[in-house]
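Inspection log for the structure reproduced underneath, given as structure tokens.
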Amino acid sequence: MSAGPPVDIPPRLAFHPAMVHAVRKIVIVGGGTAGWLTAGVIAAKHKSRMGAGFSVTLVESPNTPIIGVGEGTWPTLRSTLARIGVSETELFRQCDVAFKQGARFTGWTTGARDDFYYHPLMLPQSFGQLNLVPHWLARDDGRSFCDAVCPQGRLCDDGLAPKTIATAEFEAVANYSYHLDAGKFAPFLQRHCCEKLGVRHVLADVRRVNLAENGDIRSLDTAQAGEFEGDLFVDCTGFRALLIGETMGVPFKDCGDVLFCDRALAMQVPYASDAAPIASQTISAARPAGWIWDIGLPTRRGVGHVYSSRHTSDEDAERELRAYIGPAAAGLTARKIPIRSGHRETFWKRNCVAVGLAAGFLEPLEASAIVLVELSAKLIAEQMPACREVMDLIAARFNATTHYRWGRIIDFLKLHYVLTRRTDSAFWRDNLLPETIPDRLKDLLLLWSHQSPWFHDEFDRVEEVFPAASYQYVLYGMGFRTQVEASALEGDAKNAERALRENAIQTERLRAGLPRHRDLIRKIVEHGMQAV
Ligand SMILES: Cc1cc2nc3c(=O)[nH]c(=O)nc-3n(C[C@H](O)[C@H](O)[C@H](O)COP(=O)(O)OP(=O)(O)OC[C@H]3O[C@@H](n4cnc5c(N)ncnc54)[C@H](O)[C@@H]3O)c2cc1C
């Protein structure tokens, strides 16, 4: 048998070049939630290298304020904060934090007074092993999907907290995230990153970005602190997108043709008394040309109207917001924030990666911005290129994953609009125009008329932002009907019966055992939670 032609083995394999340009200096520009979360996640992941040649520097303008909104978060924030070593008790003490257990959507389906549904943060009973949708549909007993499969809607209705004072930090009885004061959160993270993680903080305005011959960013000139060189630059400059947009010239992909809202009016509303109940869910109330968010913090509510300027005027939008708030709005001023739905065409170009508003923004309907910051920061930290020579490979991966995530979030947000039966205003009617609905979403809706969302629908990525469970809650919360074949019930009927019964028992147990939301927050602030 022939041994085949001789193979030339080069003395030095081409794919093992010397590490010529090690990546050691990470420079983040921007000190909002995106900048500090990214700094914290990278510094915590590379803790043993910090100070030993590896550094994280955050440059923040003393003259451009952070956006200061963004009060709703996703449960991922618990693990992110635990990972970077934050104390949850201190978070409650310093950032005016309340628990969030989901979102209550009112008026989205018909606009009638009793029209509401929950998108809770707990998964349906036995999710993963058993799809309860066909069994719930077959029963048709008048119970909402959420109440049939999950206790959390009832916990929110009752004003209860998702844990007790005996539950350790970051652990939950019912899954939760936070409502927080965005103006306090960034400084809180800053203190932690600088004092505990060795991040260097520089207060200076970036005036010029200097490029190397190959097109990489070489350094930044600042007005107050001189020049900063770096190996990897993270653009967290918010809507300005100073590095990824202005310097690297990456275009913005507008998606206002799918998601119409382009303005927000925000107000901070005091409670009638210190003892007023705090909602532990975001309230999203549909309006003729958009929707209103209502978020309860311990000391105030954050209430805002997100609307389409094509469908209403600023004056009418403000009137709508004031009418929602009622007498408490008298004397308050509304802050107007222009928003542009869309994202960068690419997120990591050469040695520059964008995170947060610099990467893009979608209307805050499901609080998807900060979770994307967390996921991006984690991906950068975990895949931190060892050297410039491998950076473009990692950038390509990062871009593929991040594109996937933005696409899925756009689909999921649009889902809330396309299931409406409202025809009372042009805003709602226009949302149903087929050309405004992404093709993938159209295909899925067709499929879901015959089978309910499940893992086969490509919701199978690690760290999927909105899993099949989220689609189930929104679809069936809004009265979508799936024509279930009898075969979908076969084999699982007894287990499903048991799971639905178990949910009813668990709901009553939790309703009897969990404290009132405001009472628990007061206890946490006074006595603290058990550290993990
Ligand atoms: C109306 C509205 C509601 C929202 N609600 C939610 C929500 O409920 N949940 C959610 O997850 N997200 C929400 N978001 C998004 C959320 O607010 C942001 O994703 C988050 O705050 C991160 O912002 P950022 O850090 O990217 O930008 P910013 O907070 O704007 O920070 C930008 C930073 O860049 C710095 N900077 C700018 N130019 C320079 C320069 N030349 N030199 C140095 N530094 C510079 C600034 O000083 C600042 O520190 C909302 C956004 C809006 C507009």
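- A salt bridge is defined here as a Lys NZ or Arg NE, NH1 or NH2 lying under 4.0 Å from an Asp or Glu carboxylate O, and Asp424 with Arg422 meets this definition.
- Less than 6.0 angstrom separates the ring centroid of His311 from the ring centroid of Phe260.
- Using a 4.0 Å cut-off between charged side-chain N and carboxylate O, Glu374 and Arg78 make no salt bridge.
- Under 4.0 Å is where a charged nitrogen must lie from a carboxylate oxygen, and between Asp254 and Arg340 at least one such pair does.
- Considering His517, Lys100, Gln101 as possible partners of Ser280, the one that fulfils the side-chain hydrogen bond (donor to acceptor under 3.5 Å, both in side chains) test is Gln101.
- The two atoms that bring Cys255 and Leu362 nearest to each other are SG-CD2, 3.6 Å, heavy atoms only.
- With respect to Glu320 and Arg287, a salt bridge is recorded, a charged nitrogen being found less than 4.0 Å from a carboxylate O.
- Distance check: Ile278 CD1 to Arg301 CZ gives 12.0 Å after rounding to the nearest 0.5 Å.
- Between Trp291 and Trp108, the angle of the ring planes lies from 30° to 60°, which puts this pair in the tilted group.
- The residues Arg319 and Asp316 are annotated as salt-bridged, a charged nitrogen and a carboxylate oxygen being separated by less than 4.0 angstrom.
- Annotation: cation-pi pair Arg518/Tyr271 present, NZ/CZ under 6.0 Å from the ring centroid and within 45° of its normal.
- A cation-pi arrangement is absent between Arg408 and Phe466 under the rule of less than 6.0 angstrom and at most 45 degrees off the ring axis.
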Stepwise side-chain hydrogen bond (donor to acceptor under 3.5 Å, both in side chains) check, Asn131 with Gln472: CA-CA 10 Å; Asn131 184 354; Gln472 292 188 349; 3.1 Å; yes
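- In summary, Glu90 and Arg93 engage in a salt bridge, as defined by a charged side-chain N under 4.0 Å from a carboxylate O.
- Using cut-offs of 30° and 60° for the angle between ring planes, the His416 and Phe105 rings count as tilted.
- Side-chain atoms of Arg263 do not come within 3.5 Å of backbone N or O of Pro338 as any donor-acceptor pair.
- The two residues Leu137 and Thr482 come nearest to each other via the heavy atoms CD1-O, 3.7 Å.
- The six-membered or imidazole ring of His403 lies near that of Phe347, with a centre-to-centre distance under 6.0 Å.
- With rounding to the nearest 0.5 angstrom, the CG atom of Leu37 is 6.0 Å from the CD1 atom of Ile84.
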Decide yes or no on ring-ring contact (aromatic ring centres under 6.0 Å, His included) for Tyr118 and Tyr473, but give the supporting numbers first. CA-CA 7 Å; Tyr118 275 103; Tyr473 283 126; 9.8 Å; no
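- No donor-acceptor pair under 3.5 Å is formed between the side chain of His343 and the backbone N or O of Phe252.
- His119 places a side-chain heavy atom less than 4.5 Å from the side chain of Glu366.
- Using the six-membered ring where Trp is involved, Tyr417 and Phe427 have ring planes that are perpendicular, over 60° apart on the 30 and 60° scheme.
- Checked against a 6.0 Å centroid threshold, the rings of Phe145 and Phe480 do not count as neighbours.
- For Asp181 and Arg300, the salt-bridge test passes: some basic side-chain N is under 4.0 Å from an acidic carboxylate O.
- Put simply, the side chain of Val474 reaches to within 4.5 Å of the side chain of Phe412, judged on heavy atoms.
- A heavy-atom distance below 4.5 Å is found between the side chains of Asp147 and Arg154.
- A cation-pi arrangement is present between Arg104 and Phe116 under the rule of less than 6.0 angstrom and at most 45 degrees off the ring axis.
- Arg405 places no side-chain N or O within donor-acceptor distance of the main-chain N or O of Ala400, the cut-off being under 3.5 Å.
- If you look at Phe127 and Phe455, their ring centroids are closer than 6.0 Å.
- The existence of a salt bridge linking Arg440 and Asp443 is excluded, since no basic side-chain nitrogen approaches an acidic carboxylate oxygen closer than 4.0 Å.
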